[in-house]
Amino acid sequence: MNSAQRKIAAKIVALREQLEYHNYCYHHLDNPQITDGEYDRLLQELEALEKSHPEFVTAASPTQKVGSAVAKTFSEVAHEVPMLSLANAFTHEQVNSFDQRVRERTALEDAPIEYVAEVKLDGLAVSLRFENGWLVRAATRGDGRQGENITQNMRQVLGDATRLQGDLIPEMMEVRGEVLMRKDRFAQLNRERREQQQQYAQAMAEYEQADETQRRQLKKPKKPEQPFVNPRNAAAGSVRQLDPQVTRSRPLNMYCHAVAEARGAKLPPTHWETMQWLAGMGLPVLQLSERVIGVNGCLEYYRRMRKRRAELPFDIDGVVYKVSRLDWQHALGHTSRAPRWALAHKFPAQEERTVVEKIELQVGRSGAITPVARLKPVFVGGATVANATLHNRDEIERLDVRVGDSVIVRRAGDVIPEVLSVLMAERPPRARKFKFPARCPVCDSHIVYARDGVIASCSGGLHCAAQRKENIKHFASRAAMNIDGLGDKLVEQMLAQKLINTVADLYALSVEQIESLERMAKKSATNLLASIHQRKRATLARFLYALGIPLVGEATAQTLAANLPQLAKVMEAGEEALQEIADIGPVVAKSIVTFFRQQHNREVIDKLLAAGVRCPQPTGRRDASNHNHIFADKTVALSGALTMPRSAAKRMLQAVGAQVTGNVSKKTDYVVAGENAGSKVEQAENLQITVLDEQQFLDMIQAQLQS
Ligand code: IVH
């Protein structure tokens, strides 16, 4: 070997080691250390080097293998048909050359090929084996040849689909697919975990301050689970659990995307029909798949899915093109790593690198101070990102992020962008550690630190303009009173001009006052005012949530409302009574009582009620006639596309005594508006009829069922 070759060999070894390490973190620990984009770049670099120096290729290279070895805690399963990965494309040219190769090998150079275009789900690959219609084994991919036995866990995920339906069931069949967690379920799970973390922090602070006797009463709080990094990790972590009951408690879905083997049944001639065949047997199959013709069909599908990426319920990291004819798939075969009949066309990354220009503090609704990184703007996840949350002091410590650092930021859909890691090798020489100040940057009150100084809060209360603003924004937010059009800048101006001081003042605003604000006109002012007044009626749960009681999130507000079905009862409840409610512990109980004891909070509530805000919670019993349900004897019009079938909404309404119509008239009491409800909403607004979105409607229906 000459010295140039030695250099290349060393580079190859270094790349392999890095890739092995990152494989291990991703597949084994469910805790990746670099972005998918960076991983792909390392892999491409290695592929290129190996291509120009084939003498260095070995079977052990990460370019030749998939995944990572099996964890020691699960029993091993050998995959009779290996679980392969997919070849990646990042450019149109790469899609073109894939299609070219397919056409050459199927001897159809002139005719376009029929592909099935599918979404590439970002989840955990699993293989399911059915014998005579029963699920007998489920496994993770592992290293592609041996995976982990997760049969019991997959039974929890699949539910009824563990038993195939129909008459034409194969003797044996192995199906491949992806387990994932929907984005909204992931967000909900993490919201709960963050709520628990907050409660824990508060409980810990109290515990630490308590004396011996008090401590015995309080009991040491149990440390809650950490939030998950992303839906993929949440899904992988939930499936790779030793206790199937834990898997069961997690909201997981599985979608099948290939049949690896079938015996005792003839497979249909194409992939497209195979998927339908699977669906016919009751298996969940990929959604959004399409038959497309040639490269153009593929690229057109790619463009459409890329546009829809953020609004899809699942994370996808690209699309997959598959030659539909199975005989051609067979003829094309596969390499040691991936089939030649399929290609993953990846989307641009949701993680990118940029530089931290400043670190600033943001003051939240209850005074909590969140450090935010002001970034050199970077295009990531389909938008330009200039700010990313750093969560808290602990997170700054953990990341050791400093002004001037190069960092990896992630932005997926509507999720708040965050700093994932710091590229230490690129730290400028004089970068200083960030120091938390002693005073609030907005109102100059002292900052108090709890839980070993991790949680910082401004002590200014409602004197702090930042807290007042956040309070009002929270009150108006979608999950609270759902007032449209009350954005950040508007609230800021209203406070600055002293038009409002608390949420109750919103109801005394006039069109003229709103119109006088920057960027407002008569129409927008009228619309905002209409929205404020139309949303005066909320469920008790929403109203309690809207008040912004510390530690009372959406879930706790619903529990409270279900157990104490009147506002007055919640306001009067003592700590003991509150603690009798399942899920409400001493810390939350205390927070609720303290909130309602404060004179200024009571004044705001009185003013809200005087302004006509109502939060009815029917006390009806399930067996009683429906005359006391909110919707009883009311005329409700359904309009636009709801996520549930319209017939289901109708049945629910009729069951509680409502009359359901399609038209809006003077007699209509409520309009339930789905997507594109359009003119009916306008009509309703003209007639001053309350318009409910689907969530509000469900809240109100359920209010009855819970009580
Ligand atoms: S087909 C033999 N189709 O992506 C080919 N895979 O990066 C089997 N994946 O291991 C895979 N969506 O776990 C296929 N629509 C889709 C997919 C998909 C996601 C996963 C799969 C695969 C990995 C490769």
Side-chain angles (χ1 to χ4, degrees), residues 19-40 65-77 79 83-86 119-128 137-144 146-158 175-190 192-193 225-257 284 286 312-318 344 346 350-351 410 412 415 420-421:
L19 285 160
E20 290 291 356
Y21 169 71
H22 292 301
N23 269 337
Y24 176 79
C25 296
Y26 184 89
H27 292 286
H28 193 91
L29 305 178
D30 297 327
N31 185 14
Q33 300 294 315
I34 53 172
T35 69
D36 291 355
E38 286 184 308
Y39 180 89
D40 287 337
K65 299 188 300 177
V66 295
S68 173
V70 166
K72 289 288 174 281
T73 35
F74 294 89
S75 66
E76 284 184 12
V77 166
H79 298 302
M83 283 182 82
L84 299 176
S85 185
L86 289 169
V119 286
K120 185 172 185 318
L121 297 175
D122 196 8
L124 178 78
V126 294
S127 186
L128 307 175
R137 206 182 66 191
T140 64
R141 182 163 73 175
D143 65 2
Q146 287 199 319
E148 297 153 328
N149 188 334
I150 49 160
T151 314
Q152 297 305 340
N153 295 351
M154 283 311 295
R155 290 212 162 99
Q156 307 299 338
V157 177
L158 287 166
V175 184
R176 304 271 154 89
E178 210 76 6
V179 175
L180 23 95
M181 192 177 284
R182 290 171 57 119
K183 290 190 277 195
D184 57 348
R185 303 284 170 83
F186 161 78
Q188 173 72 22
L189 187 69
N190 264 7
E192 282 166 18
R193 289 192 165 194
E225 305 235 48
Q226 290 283 327
F228 286 109
V229 174
N230 57 36
R232 189 206 167 268
N233 288 333
S238 303
V239 169
R240 297 172 74 253
Q241 280 286 339
L242 291 177
D243 179 359
Q245 289 313 316
V246 176
T247 310
R248 187 192 172 90
S249 71
R250 304 274 169 79
L252 298 169
N253 294 78
M254 144 119 204
Y255 294 97
C256 301
H257 49 55
L286 277 184
L312 294 182
F314 302 123
D315 263 350
I316 62 174
D317 55 351
K346 295 284 219 49
Q350 292 187 315
E351 291 166 16
R410 175 183 169 88
V415 181
L420 287 187
S421 56

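Between the side chains of E192 and Q188, at least one donor N or O lies within less than 3.5 Å of an accepting N or O.
Taking CG from N233 and CZ from F186, the interatomic distance works out to 8.5 Å, rounded to the nearest 0.5 Å. The structure places CG of D184 at 11.5 Å from CG of L189, a figure rounded to the nearest 0.5 Å. Separating the SG atom in C256 from the CG atom in L128 is a distance of 6.0 Å, to the nearest 0.5 Å. For the atom pair NZ (K183) and CD1 (I316), the distance works out to 8.0 Å, reported to the nearest 0.5 Å. With values rounded to the nearest 0.5 angstrom, N253 atom CG is found 4.5 Å from F314 atom CZ. Q350 contributes atom CD, which lies 8.5 Å from atom CG of D317 (distance to the nearest 0.5 angstrom).
Contact detail for M181 and P251: the closest heavy-atom pair is CG-O, 3.3 Å. Across E148 and V77, no two heavy atoms sit closer than the pair C-CG2, 4.3 Å. Scanning both residues, L180 and A235, for their nearest heavy atoms gives CA-CB, 3.7 Å.
Within a 6.0 Å radius of CZ in R137, other residues, nucleotides and ligands contribute more than 12 heavy atoms.
Remark: D40 engages K346 in a salt bridge, criterion side-chain N to carboxylate O under 4.0 Å.
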Apply side chain to side chain contact (heavy atoms under 4.5 Å, CB included) to residues S85 and R141 and explain how you reach the verdict. CA-CA 9 Å; S85 185; R141 182 163 73 175; 3.9 Å; yes

Evaluate the side chain to side chain contact (heavy atoms under 4.5 Å, CB included) criterion for residues M83 and R176: first the C-alpha distance (whole Å), next the side-chain angles of each, then the deciding distance (0.1 Å), finally the verdict. CA-CA 8 Å; M83 283 182 82; R176 304 271 154 89; 3.3 Å; yes

Carefully, step by step, assess H79 and Q146 under the rule side-chain hydrogen bond (donor to acceptor under 3.5 Å, both in side chains). CA-CA 6 Å; H79 298 302; Q146 287 199 319; over 6 Å; no

Y39 vs N23, side chain to side chain contact (heavy atoms under 4.5 Å, CB included): CA-CA, chis, key distance, verdict: CA-CA 9 Å; Y39 180 89; N23 269 337; 2.9 Å; yes

Hey, mind stepping through M154 and T151 against side chain to side chain contact (heavy atoms under 4.5 Å, CB included) and telling me if it holds? CA-CA 5 Å; M154 283 311 295; T151 314; over 6 Å; no

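Here the side chains of Q241 and R250 are in contact, with some heavy-atom distance below 4.5 Å. Inter-residue side-chain proximity for D36 and E351 is flagged as unmet; no heavy-atom pair is nearer than 4.5 Å.
Side-chain atoms of N153 come within 3.5 Å of backbone N or O of V239 as a donor-acceptor pair. With R232 contributing its side chain and G123 its backbone, the two residues share a donor-acceptor pair below 3.5 Å. Formation of a donor-acceptor pair under 3.5 Å by the S238 side chain with backbone atoms of T247 is not found in this model.
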